[in-house]
Amino acid sequence: MSNSPAPEVKPVIGIIGGSGLYDIAGLENKEWRRVDTPWGAPSDELLFGTLDGIRCVFLPRHGRGHPIPPSRLNYRANIAAMKIAGVTDIISLSAVGSLREDLPPGHFVIVDQFIDRSFAREKSFFDTGCVAHVSVADPVCPRIGDVAEEKLKELDIAFTRGGTYLVMEGPQFSTRAESELYRSWGCAVIGMTNMPEAKLAREAEICYATVAMVTDYDCWHQDHDSVTVDAVVRVMQQNADHARSLVKAMIPALGQPRGLCPAGCDRALEHALITAPERREPALLSKLEVIAGRVLSGQ
Ligand SMILES: CSC[C@H]1O[C@H](OP(=O)(O)O)[C@H](O)[C@@H]1O
Ligand SMILES: Nc1ncnc2[nH]cnc12
C-alpha cells in the first residue's frame with residue numbers, strides 16, 4: 001500500500017440551470033464569457049464568478065431567455081465548455097414532472113438513476129477512430145448527493161433522496177399511456193434533458209448530480225387533465241428561489257479541497273478506451289484532448 005497522500009483537488013463548481021433558472025445568487029466577480037469547444041458553442045456564454053472564494057461556473061441549459069429546446073441542445077458543447085472552464089463538480093438543476101403521488105409540485109428529488117428514452121441526440125464525445133465505453137451503472141456522484149441532502153435538510157425544503165428520472169425526447173409532454181408505462185417501470189420523475197448530459201459528464205470525468213424540482217404531476221394524475229407550460233413555469237419560479245438558496249449553501253461545502261472522488265467519477269476513462277493506439281484517428285484525438293487528454297497522453 002502506498003503512503004503517498006491523495007492528490008488534492010481544488011474544486012471548481014459548475015451549475016447547470018434548467019427551466020426557470022437563468023442566473024444564480026451571491027456570485028462575486030461575475031463575468032459572462034464565451035467558451036468555444038471542439039463540438040461547437042454551448043447554449044450561452046458561461047457565467048464565471050466566486051462564492052466564498054470558491055470558483056463557480058454557471059450555464060443556463062437552454063440559454064438565457066430559453067431559446068433552445070431539449071432536442072436541439074448541444075449537450076457535448078455544454079459539458080465540454082464546463083470541462084474547459086476547469087469544472088470538477090456539476091450540480092444539475094432540472095424541472096421535472098412527477099410520476100408519484102408522494103412527490104407533489106414544489107418537492108425536490110435527489111435523483112440516483114436514469115432511464116434514457118431520448119433518441120435524437122449526440123450521446124458521446126467518442127466516435128469512429130477512438131471508441132470508449134464508460135460505466136454509467138451509477139450515473140450520479142453520491143458525494144454531491146450527500147451535500148444536497150444535508151443542505152436541503154438545513155433549508156427545510158421538502159425532498160426525497162433517490163428516484164429514477166425518465167428522460168423523454170420531447171418537446172411535447174407524454175401521452176397518458178406513456179406516463180402510465182413509466183410509472184409501471186417505477187420511475188419517480190420525468191424530464192427531457194438530463195441525458196445525455198449525465199453520460200457526457202461521466203465521459204468528461206466530471207462529478208455530476210441532479211437535483212430535480214417537481215413542477216407538475218404528469219398527465220397520469222387524476223387532478224391533471226394535461227400539463228401546460230404556464231402551470232409548469234409558475235411552480236418553477238417558486239422552485240427557482242429554493243434552488244438559488246440550495247446552490248448558495250452547497251457551494252461552500254462542495255468547494256473544499258479534497259482528494260479524488262471516492263466514487264471514481266473523476267477516473268471514469270481509466271479503463272474505457274478500446275481502440276488500439278495505431279487505429280486511432282488523429283483528428284478526433286485532437287478534439288478529444290480537452291475531454292480525455294489525461295488518459296490519452298501517455299498511451
Ligand atoms: C418548461 S417544462 C419542460 C422543460 O423543463 C425541463 O427542462 P430542464 O431540465 O432544463 O429544467 C424539461 O426537461 C423540459 O425541457
Ligand atoms: N411533465 C413533464 N414531462 C416532461 N418534462 C417536464 N418538465 C417539467 N414537467 C415535465
Side-chain angles (χ1 to χ4, degrees), residues 9-18 31-48 55-64 67-92 116 118-136 139 141 167 169 193-208 261 265-299:
V9 178
K10 229 176 152 201
V12 178
I13 312 302
I15 302 107
I16 301 183
E31 192 188 357
W32 288 93
R33 285 210 304 266
R34 185 177 144 167
V35 176
D36 285 319
T37 84
W39 289 273
S43 299
D44 203 331
E45 294 177 325
L46 271 54
L47 177 63
F48 291 80
R55 285 170 58 207
C56 302
V57 183
F58 173 77
L59 175 67
R61 180 180 287 116
H62 302 269
R64 281 168 285 181
I68 313 173
S71 306
R72 299 267 183 257
L73 290 173
N74 188 340
Y75 293 93
R76 294 191 296 190
N78 286 354
I79 295 297
M82 287 270 164
K83 185 77 178 177
I84 291 165
V87 166
T88 56
D89 300 72
I90 293 178
I91 307 168
S92 158
D116 185 3
S118 70
F119 51 81
R121 305 168 185 194
E122 295 290 353
K123 298 204 179 192
S124 179
F125 291 109
F126 297 89
D127 207 338
T128 307
C130 189
V131 179
H133 302 286
V134 296
S135 170
V136 285
C141 178
V167 188
E169 184 60 44
T193 62
N194 274 216
M195 286 294 185
E197 197 173 87
K199 288 173 177 167
L200 292 164
R202 181 59 53 84
E203 286 189 348
E205 300 190 319
I206 302 175
C207 296
Y208 176 100
C261 175
C265 316
D266 50 8
R267 300 179 301 289
L269 288 174
E270 223 128 84
H271 304 288
L273 296 173
I274 191 163
T275 308
E278 68 277 12
R279 297 300 310 269
R280 292 180 189 167
E281 191 57 53
L284 178 57
L285 291 183
S286 70
K287 277 175 89 171
L288 283 170
E289 191 58 32
V290 293
I291 296 299
R294 192 184 75 77
V295 288
L296 286 171
S297 59
Q299 285 204 350

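Quick caveat: nothing in here was measured; it's all calculated off a predicted structure.
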One should read off an interatomic distance between L59 CG and W32 CH2, to the nearest 0.5 angstrom, of 8.0 Å

Is a side-chain donor or acceptor of N78 paired with a backbone partner of S43 at a separation under 3.5 angstrom?
yes

Backbone N or O of L269 within a donor-acceptor pair of the R294 side chain at under 3.5 Å?
no

Just checking R55: does its CZ atom have more than 12 heavy atoms from other residues, nucleotides or ligands closer to it than 6.0 angstrom?
no

Can you tell me how far CG of L296 sits from CG of L273, rounded to the nearest 0.5 angstrom?
5.5 Å

Who pairs with A283 by side-chain contact (heavy atoms from CB on, under 4.5 Å), at least two apart in sequence or on another chain?
none

Listed partners of K287 passing salt bridge (charged side-chain N to carboxylate O under 4.0 Å, His left out), at least two apart
none

Give a yes or no on whether the backbone of R280 and the side-chain of T275 come within a donor-acceptor separation of less than 3.5 Å.
no

Taking atom types as modelled and ignoring hydrogens, do the side chains of T37 and K83 form a donor-acceptor contact shorter than 3.5 angstrom?
no

Which residues satisfy the salt bridge (charged side-chain N to carboxylate O under 4.0 Å, His left out) test with R34, sequence neighbours excluded?
D36

Between the side chains of S124 and E203, does any donor sit under 3.5 Å from an acceptor?
yes

Identify the residue among I90, I16, I15, V87 that makes a side chain to side chain contact (heavy atoms under 4.5 Å, CB included) with V57.
V87

Measure from the side-chain N and O atoms of R121 to the backbone N and O of E169, and report whether any donor-acceptor pair falls under 3.5 Å.
yes

Between CZ on residue F126 and CD1 on residue I291, distance to nearest 0.5 Å
8.0 Å

Distance (rounded to the nearest 0.5 Å) between Y75 OH and M195 CE
11.5 Å

Do side-chain atoms of R76 reach the backbone of G40 as a donor and acceptor pair under 3.5 angstrom?
no

Are F125 and V290 side-chain neighbours, meaning at least one heavy-atom pair lies under 4.5 Å?
no

